[in-house]
Peer 1: 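Structure below; questions to follow.
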Amino acid sequence: MPNYTPRQQEAISTLNRNLQIIACAGSGKTQVISQRIIEILKTGVHPSKIIAFTYTEKAAGELQARILKLCKEQLPDTQGIADMYVGTIHSWCLNALQEYKYEYQKFSVLDEIKLKLFVDKNFKQIGMQDLSMERFKDTGRFVALMSLLREAQFHNRDDVPPNLFEALHKYETVLRKHCYFDFTMIMSDAVHCLQSDENFRSKITRDIGYLIVDEYQDVNPVQESIVRELYNLGANICVVGDDDQTIFQWRGSHINYIQQFTTRYDNVHSVTLEDNFRSTNAVVDVAIKSITNNTVRLPKVMNAKGFQQYERGDILYNQFTSVADENAFIIEKINQLRGVAFKDKEDTTERGLNYSDMVVLVRKWKKAEAIVEAFTQAGIPFVITGINNLFQRLEVRASQAIFQYLYNQIDKGVLKDYWQNLSPLITDENLEKGVDFLDKHIANSNSYYERFDFQTFFTDFIDIIGVREDIFPSEEHPEAVGYSTAEVIFYNLGMFSKIIYDFETIYYKSDPLYKIATFLNFLTYSATDNYSEGWLNNTYKTPNAVQIMSIYQSKGLEFPVVFVPGLNKNYLPTKQPGGKQLWHHIDKVLIIDVDRYFPGEEDERRLMYVAITRSKKFLMISRAPDGRQQGKESIFGSEVRKSTYAFSSLDRDYSERAKLPPASSLEIANISLNFSLLKAFFDCPYRFKFESFYGFQSSFGARIGYGASIHHALMEIHREFLEGNIITKEQLPALLQKHLHFPYAIPTIEQSMSDKAEQAVNIYYDSNLNEFKNIEYAEQDIQLDLGDGILVNGKMDLIKKKNQDGTVEKTIIDFKSTEKAQEYLATIDQLQLYALGYKALTGENADFLEIYNLDKNEPYRTELSTKDLDTMKEKIRNSANDIRGNNLEKTCNDPTCACRFKTTKK
DNA sequence: CGATTTGGGCTTTTT
DNA sequence: GCCCAAATCG
């Protein structure tokens, strides 16, 4: 076991009481939580009894990787680790609802942009009109109001104007009718079930043991209710957080939850981790000089205990007369610090700092614009999320033009110009063919909706006109570090495909003329500020570039070099914005603790604290007067200056420091794959690149939902058998009815598919009834840890275990509802993935792999050879490394392959 | 020094 | 269209 401080040790070993860990910045809290989970496992608790909540998916990935690493070292024989839950509260709620209340299986979650589309489409039914809110104009406010009504707490609900809750009721009813959740509903439904659904409660109780809540300072009232209910059902609770880092209060988190935890829960032991291992004593001192000005905080200190050594000049606080000078200073320091010797850990060798070690933290995105401009001029590579320039790109304008042409807004010549400007290698001849294709589909009211499919229009058109990677420059794109111009264009085309996907999710079935008019409006008014350039979303790759991010986004991260520019009054702390329109619709006085929605100086100081504590060593704070509003120094500037380490120096150039060749940190990024991603990759690496890297989506179709409906029905049948509840043949129709969901089918198609599904399920039931007693697992989660930070997740349809001629025989089964027989061999090969997962789950080898065709009602089975498994393991590892390193095929030369846009077209 | 006019900006983000 | 902070007026 690694060395832990006495305090850390105390936290790790407190297992039989509820626990509050107040962890200051850089105190190794992820390590402590992970080790504590290992200690729980060591007592013999099964992994399924442990739940760990994190705030973001990213944090969940990191925590999971850490736990697996420790587990491998200290408990290598642990089985069923996939049954431990490590993830966000939202997805735990969604999982629980779908696992234990089968009718939720067919539900899906609308993200922000799809929800807006949904609200606008259904604005009459959902009660927007009743609140005198206008379609399109007030959508955002309506959605915010619906969230507030569910996430806030009211002094007395009876005082809230009834029309508000009536609108909420209508809104939720319409969402449910279409089998959609919004993000809040996932949690509020879960709370409701946890409080009043006895069957649900007993199933959760069976699985509950230990609950760990990370970043507890940022939970909101609904999330706190989840924690409270799990506690009531018998969970041992451990909350971890830092009240000084409560920064999301404007979306409902409240500092009281963590500060008063010990009085709100019974038998709580409290541990404070006060040692900061991340930063130099100087960074810690600056942070303390600022945060101690807050009055509302738990009493605690922060001690620098790390190995990073302060050297004079690591921390500068410079004031300039213009923003241009300030930005020039940042650029100068980036260039001077690049190559300065730096040690990541006490026991690693030194390396030269690189661009990717540096971050610029902004309070508002507007501030970033001038920095981006200056960086581009100076040739500093950078990445930024939060600025949505997608629609300024030529390839996106050209894609938009396809639909303008289909609605007769522009003529043929204009459309052709758009594409020819993009690349002179797009020939006139091909463009004519593309236009001919579009002419067959010009919008008119009698087109059959399934033939008026935007995704097909888009992908077919760019295919026909000959858009291929090799017609665009392969040199690095001037603004996208690590990506060629061709790749940037394809990423953005992929993003356009995603836009179509989002739109058609809501509007697929609409009347053609209405659909295209709405789409063009959506592109003009809504999509422009909701989609970023596609290449920015590549999660598999971290380029060597300076990151520009908001302070909020930087939570939980750390960097050797941190820039905090713009330390002006009215910027940090920010000026209170005027005219909060949401409050025109609901009276502030109705809401308990309404002040949290109006952050004040102490809230802003916590942001400043988060910004400072991201730094391991170098911290460059600066300011310059910026216009009338931001002419004066921020109050935080004078606080920071109280630290003797933060002084001004305009000519320090770090030439006295030891230099090494710039090299990025050697930590390999963790990669999380799932079985369907891997299957796609095995099928065709180029198509994988299209779908997973560039983001191209497939089109819908009237028949979508058939396979899923049957799948869900079989899951319920199998699961209930496992529970000892025999579903009778008479119960089948009602059971199936619960799961049928064909969102894009017209009534005739819906009827025929329902009949077909009923037939398939009945036949399956009749011919497999005798087999049900052999089911070992149904819809079982599995997880494969291949080391090197490669993690594969998946779900197996069915596992049977039966006694056959005196030996136990284990079969892994995958259901198929289409009859593409030629895919069988490819798929059965890939079922070896599941065999690996089965071994990780139970420690045993499976004997057979089976694909069960539900349409033909026939199984196709093959014997598993254990020597195949090592080959498969190696194959996955190589694939993961190819994906991580972007060593993907530039082309696909298999003429039978279904992938699109082959560089060499057969 | 208090009252009045003028000018500029209109977050932040997770699921 | 509205609100706040800075500038200017009296």
Side-chain angles (χ1 to χ4, degrees), chain A residues 53-61 87-97 107-116 134 137-138 140-141 143-144 146-147 150-151 180-190 214-220 222-223 226 245-253 361-369 384-388 529-530 532 548-557 566 568-584 596-600 603-608 610-611 625-635:
Chain A
F53 288 156
T54 61
Y55 193 71
T56 63
E57 299 284 1
K58 192 169 174 239
T88 62
I89 299 190
H90 286 85
S91 53
W92 182 84
C93 292
L94 183 61
N95 272 338
L97 289 172
F107 274 60
S108 56
V109 184
L110 292 180
D111 60 19
E112 194 186 341
I113 188 74
K114 290 199 213 67
L115 183 61
K116 277 186 178 165
E134 275 183 62
K137 197 175 149 228
D138 294 317
R141 222 162 296 129
V143 171
M146 293 298 112
S147 296
R150 289 169 294 173
E151 297 201 1
Y180 287 129
F181 282 121
D182 68 8
F183 284 122
T184 306
M185 235 163 97
I186 304 172
M187 294 192 299
S188 53
D189 277 23
D214 194 10
E215 306 280 19
Y216 184 69
Q217 77 276 4
D218 278 325
V219 299
N220 69 22
V222 186
Q223 294 168 332
I226 306 264
Q245 295 184 59
T246 306
I247 57 176
F248 286 103
Q249 61 292 98
W250 41 266
R251 45 166 289 287
S253 68
L361 298 179
V362 295
R363 174 66 181 80
K364 297 181 184 182
W365 287 113
K366 190 146 185 20
K367 174 82 189 160
E369 286 168 16
I384 183 166
T385 59
I387 288 190
N388 294 323
D529 36 52
N530 277 287
S532 63
I548 304 173
M549 63 172 75
S550 73
I551 299 172
Y552 294 95
Q553 292 173 319
S554 73
K555 191 171 122 166
L557 306 178
N568 288 328
K569 192 176 175 183
N570 295 333
Y571 169 78
L572 182 65
T574 187
K575 182 164 78 88
Q576 287 278 358
K580 274 258 170 174
Q581 302 260 358
L582 181 58
W583 307 105
H584 292 182
R596 80 178 78 174
Y597 299 101
F598 302 91
D603 301 298
E604 294 286 309
R605 189 175 282 109
R606 289 194 284 269
L607 273 175
M608 182 70 194
V610 168
D626 190 0
R628 253 165 85 94
Q629 299 277 327
Q630 295 182 32
K632 296 182 179 169
E633 185 187 24
S634 159
I635 182 171

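Below, chains carry the letters A, B, ... as their sequence lines are ordered, and counting in each starts from 1.
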Peer 1: Any chance you could measure A/Asn568, atom CG, to A/Thr574, atom OG1, to the nearest 0.5 Å?
Peer 2: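 Here the interatomic distance stands at 11.5 Å.
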Peer 1: Go through the structure and list residues passing side-chain hydrogen bond (donor to acceptor under 3.5 Å, both in side chains) with A/Tyr216, not counting sequence neighbours.
Peer 2: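 Only A/Glu224, A/Arg264 meet the side-chain hydrogen bond (donor to acceptor under 3.5 Å, both in side chains) criterion with A/Tyr216.
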Peer 1: I need the CD-C1' distance between A/Glu633 and C/dA6, as an integer number of Å.
Peer 2: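 My rounded result for the distance is 18 Å.
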Peer 1: Over how many whole Å does the gap from A/Leu110 atom CG to B/dT14 atom P extend?
Peer 2: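 Between P of B/dT14 and CG of A/Leu110: 19 Å.
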Peer 1: Base, sugar-phosphate alone, or nothing: which one does A/Asp111 contact when heavy atoms must sit under 4.0 Å apart?
Peer 2: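 Nothing: the residue A/Asp111, judged by heavy atoms under 4.0 Å, touches no strand.
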Peer 1: In chain order, what residues pass the salt bridge (Lys or Arg N to Asp or Glu O under 4.0 Å) check against A/Glu57, with sequence neighbours excluded?
Peer 2: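 A/Glu57: no salt bridge (Lys or Arg N to Asp or Glu O under 4.0 Å) contacts found.
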Peer 1: Of the candidate nucleotides B/dC10, B/dT13, C/dA5, which contains the atom at the shortest distance from the side chain of A/Asn570?
Peer 2: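 It is C/dA5.
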Peer 1: In terms of side-chain heavy atoms of A/Glu57, which of C/dA6, B/dT15, B/dT13 is nearest?
Peer 2: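 My answer, after comparing the listed nucleotides, is B/dT15.
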Peer 1: Specify the separation, in whole Å, of atom CE of A/Met146 and atom P of B/dT15.
Peer 2: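 Answer to the nearest Å: 23 Å.
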Peer 1: Does the side chain of A/Lys364 get closer than 4.0 angstrom to OP1 or OP2 of B/dC10 through an N or O atom?
Peer 2: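 It does, given that an N or O in the side chain of A/Lys364 lies less than 4.0 Å from OP1 or OP2 of B/dC10.
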Peer 1: Nearest heavy-atom pair of A/Arg150 and A/Val222: which atoms, and what distance?
Peer 2: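 Result for this residue pair: O-CG2, 3.6 Å.
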Peer 1: By nearest atom, which of the nucleotides B/dT13, C/dA6, B/dC10 is closest to the A/Tyr552 side chain?
Peer 2: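 Of B/dT13, C/dA6, B/dC10, B/dT13 is nearest to the side chain of A/Tyr552.
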Peer 1: Using a 5.5 Å cut-off between ring centres and planes within 30 degrees, is A/Phe183 stacked on the base of B/dT15?
Peer 2: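 Here A/Phe183 meets both the 5.5 Å and the 30° conditions.
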Peer 1: Counting distance only, does the side-chain N/O of A/Ser634 pair as donor-acceptor with the main-chain N or O of A/Leu572 below 3.5 Å?
Peer 2: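 Judged by distance alone, yes, a pair lies under 3.5 Å.
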Peer 1: For A/Ile186 and B/dT14, give me the distance from atom CD1 to atom C1', rounded to whole Å.
Peer 2: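 Taking atom C1' of B/dT14 as the reference, CD1 of A/Ile186 is at 11 Å.
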Peer 1: Is the phosphate of B/dT11 approached by A/Ser550 (side-chain N or O, under 4.0 Å from OP1 or OP2)?
Peer 2: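 Looking at the OP1 and OP2 atoms of B/dT11, neither is under 4.0 Å from any side-chain N or O of A/Ser550.
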Peer 1: Using the C1' atom as the point on both nucleotides, what is the distance between C/dC4 and B/dT11, in whole Å?
Peer 2: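 My reading of the C1' atoms in B/dT11 and C/dC4 gives 15 Å.
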Peer 1: Calculate the interatomic distance between A/Lys569 atom NZ and C/dA7 atom C1'; express it in whole Å.
Peer 2: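 In whole Å, C/dA7 C1' lies 14 Å from A/Lys569 NZ.
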Peer 1: Roughly how many Å is it from CD in A/Gln553 to P in B/dT15, rounded to a whole number?
Peer 2: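 Distance check: A/Gln553 CD to B/dT15 P gives 11 Å.
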Peer 1: Write down the distance between OH (A/Tyr55) and P (B/dT15), rounded to a whole number of angstrom.
Peer 2: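 Those two atoms, OH and P, are 8 Å apart.
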Peer 1: Within this structure, what is the CH2-to-P distance between A/Trp92 and B/dT14, rounded to whole angstrom?
Peer 2: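 So the two atoms are 23 Å apart, to the nearest Å.
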Peer 1: At under 4.0 Å between heavy atoms, what does A/Phe248 touch on the DNA or RNA strands: base, sugar-phosphate, or nothing?
Peer 2: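 If one applies the 4.0 Å heavy-atom cut-off, A/Phe248 turns out to touch the sugar-phosphate alone, with no base involved.
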